[in-house]
Protein chains: 2
Amino acid sequence: MKNSKHDHSENMFYVKAGMPADEILCDLGDLFKVFGDTTRIKILYALLESELCVCAIAELLSMTQSAISHQLKVLKDAKLVGNRREGKTIIYFLSDDHVRSMIGQGFEHLTEE
Amino acid sequence: MKNSKHDHSENMFYVKAGMPADEILCDLGDLFKVFGDTTRIKILYALLESELCVCAIAELLSMTQSAISHQLKVLKDAKLVGNRREGKTIIYFLSDDHVRSMIGQGFEHLTEE
DNA sequence: CTTTCATATGAATGTCTGCTCATATGATAA
DNA sequence: TTATCATATGAGCAGACATTCATATGAAAG
């Protein structure tokens, strides 16, 4: 029942037991992937302060409206932001407070050496 | 002082003020990027239970030793894991408890709908 | 209805990234 | 030293991804 050259300790069993289902691990990776881009991080940081329309974000980050729009779609698909129409403009906002705690957690790891 | 077609509210000022330096935002993105891969998430989850040698991880995840080794390098560069030699094998372990809290935070966002 | 403004979206492109394969390193055993 | 085991690493490739460009949608003003 062994396919490796050297002996691994028995704790391999517990390690395997503690591992969540593949689908969950995949979803988890996908969630972090959304945070793993500077542009999206910037957008989230901006929305942390105030809800904003697309072109305000574009102006803020000195980026194309198209680029921002594409990224906002990614954020929305991940349920991190929501939007509402207001006349001709569309206002984006954070959908909940998880974003704040996620970013805060990441920040901690960076600052605490 | 306006390059956009419609008026953005004055809060743009505060939004810009609240934004950290570009370098920090970049580092933050890079950190999340490390978590943004299923293989690395699996490795971290495994190490959450027990320190392990490279081939134990490879066996656990049914992946090549080379693939695991490459990913361990990424994790080590990000200071998320450390290692020590023990005879011929090299044991990897989590370098601190931030990993646990980061993953926990991500998990929360997934489960709380 | 037509025009304009704000945003969305599809295709194309260049870059990044994860895995494989072959090979190198480094420690131990013979 | 030589052989072997455990791991590391570089090159190459295929798939994923972020931005751009052109265009589409959709609401409001005229």
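Every chain is numbered from 1, with letters handed out A, B, ... down the list of sequences. Given the structure is predicted, the values throughout are model-derived calculations rather than measurements.
- Checking the phosphate oxygens (OP1, OP2) of D:dA6, no side-chain nitrogen or oxygen of B:Tyr92 falls inside 4.0 Å.
- Test A:Leu75, A:Ile43, A:Val74 against A:Val81 for side-chain contact (heavy atoms from CB on, under 4.5 Å) and you get one pass: A:Leu75.
- Residue-level contact check: A:Lys33 touches the backbone only, with heavy atoms under 4.0 Å from sugar-phosphate atoms and none from bases.
- In this model, a donor atom of one side chain and an acceptor atom of the other lie less than 3.5 Å apart for B:Gln105 and A:Ser101.
- A straight line from CG of A:Leu72 to C1' of C:dA8 spans 11 Å, rounded to a whole angstrom.
- Across the protein-nucleic acid pair, A:His70 atom NE2 and C:dA11 atom C1' stand 10 Å apart, rounded to whole Å.
- Taking atom CD of B:Gln65 as the reference point, atom P of D:dT9 lies 11 Å away to the nearest angstrom.
- Taking the side chain of A:Gln71 as heavy atoms from C-beta on, and the options D:dA18, C:dT7, C:dG18, the nearest nucleotide is D:dA18.
- Take the nearest nucleotide of DNA chain D for A:Lys88 and for A:Thr64: the residue whose nucleotide is more 5' is A:Thr64.
- The base of C:dT7 is not paired with the side chain of A:Ser66 by any donor and acceptor separated by under 3.5 Å.
- A salt bridge links A:Asp22 to B:Lys42: at least one charged side-chain nitrogen sits closer than 4.0 Å to a carboxylate oxygen.
- If you take CE of A:Met63 and C1' of D:dA18, they are 8 Å apart, rounded to a whole angstrom.
- For the pair B:Phe32 CZ and D:dA18 P, the interatomic distance rounds to 15 Å; values are reported in whole Å.
- Shortest non-hydrogen contact noted between B:Val34 and B:Ala78 is CG2-CB, 3.8 Å.
- Among the heavy atoms of the strands lying under 4.0 Å from B:Thr89 are primed sugar atoms or P, OP1, OP2 only; no base atom is included.
- Mapping A:Ala67 and B:Cys53 onto DNA chain D by nearest heavy atom places B:Cys53 closer to the 5' end of the strand.
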